[in-house]
Amino acid sequence: MPAPLIEMRGITKSFGAVKANEAVDLSVAPGEILGLLGENGAGKTTLMNVLFGAYAPDAGEILIQGQPVRITSSADALAAGIGMVHQHFHLAPRLTVLENLLIGIPGKAGRIDRAGGLARL
Ligand SMILES: Nc1ncnc2c1ncn2[C@@H]1O[C@H](COP(=O)(O)OP(=O)(O)O)[C@@H](O)[C@H]1O
Ligand SMILES: [Mg+2]
């Protein structure tokens, strides 16, 4: 069996006294579409922010195709092939879904590279 495309192991992240993620394991296989369900405040956004490098976890590790990676910024995440579409209040409403996906990825002359992004889908 191939290694998972993305693996998070034992991710723990606290904000002061609030433990948003406690020893969370998550694994995504190539081609898999995974829904992460949980009540408000369950820690879904925190976990995705850890994966995207917005937060440093207090403990745990992230592996891409079985290789441990250090994701300490969104740029690291993008370089590892991890994109993020934020919740509605972080989206640019005038842009399409594709454009919102590409907004953090520099295109030519500071413009969104729609054709290049479509080709990578
Ligand atoms: N930046 C933050 N500062 C302090 N507490 C936070 C922060 N982000 C999330 N939390 C807290 O962590 C817990 C998990 O939140 P969150 O990951 O947003 O849950 P979900 O996305 O599942 O609704 C909640 O108790 C929330 O209040
Ligand atoms: Mg959320």
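Read the numbers this way: they start at 1 and go in the same order the structure lists the ligands and their atoms. Bear in mind that the values here come from a model prediction, so they are computed numbers and not experimental data.
To the nearest 0.5 angstrom, Arg70 atom CZ is 10.5 Å from Ile62 atom CD1. Going from atom CE of Met84 over to atom CE of Met48 covers 7.5 Å, rounded to the nearest 0.5 Å.
Distance from atom 21 (O) of ligand 1 to its nearest protein heavy atom, with residue and atom name: Thr45 OG1, 2.7 Å. Counting only heavy atoms of the protein, atom 3 (N) of ligand 1 lies nearest to Phe15 CD2, 3.5 Å.
The closest non-hydrogen atom to atom 17 (O) of ligand 1, taken over Leu47, Thr46, Asn21, Leu36, comes from Thr46. Looking at Ala20, Ser14, Gly43, Gly38 and measuring to atom 12 (O) of ligand 1, the nearest heavy atom belongs to Ala20.
Atom numbering of ligand 1 starts at 1 in the shown order; those under 4.0 Å from a heavy atom of Glu39 are 22 (O). Ligand-side atoms of ligand 1 in range of Asn40: 23 (O), range being under 4.0 angstrom from any heavy atom. Heavy-atom contacts of Ala42 reach the following atoms of ligand 1: 19 (O), 20 (P), 22 (O) (cutoff under 4.0 Å). Contact atoms of ligand 1 toward Val18: 12 (O), 25 (O) (distance under 4.0 Å to a heavy atom of the residue). Each of the atoms 1 (N) of ligand 1 lies under 4.0 Å from some heavy atom of Tyr55.
At under 3.5 Å, a nitrogen or oxygen of Gly41, whether backbone or side chain, sits near a nitrogen or oxygen of ligand 1.
Linking Ile, Leu, Val, Met, Phe, Trp and Tyr whenever their side-chain heavy atoms come within less than 4.5 Å puts Leu34 and Ile11 in one cluster. Hydrophobic clustering (side-chain heavy atoms under 4.5 Å, transitive across Ile, Leu, Val, Met, Phe, Trp, Tyr) groups Leu78 together with Leu102.
In Glu32, the CD atom is crowded: over 12 heavy atoms of neighbouring residues, nucleotides or ligands sit closer than 6.0 Å.
With a cut-off of 2.8 Å, the Mg ion (ligand 2) has no N, O or S atom of Asn40 in range.
Using a 4.0 Å threshold on non-hydrogen atoms, atom 26 (C) of ligand 1 does not count as touching the protein.
Under the side chain to side chain contact (heavy atoms under 4.5 Å, CB included) rule, Leu36 has a single partner from Thr45, Leu26, Val24, which is Leu26.
Under a 3.5 Å cut-off, the side chain of Ser14 and the backbone N or O of Ala17 do not form any donor-acceptor pair. Lys13 contributes no side-chain N or O that, together with a main-chain N or O of Asn49, makes up a donor-acceptor pair within less than 3.5 Å.
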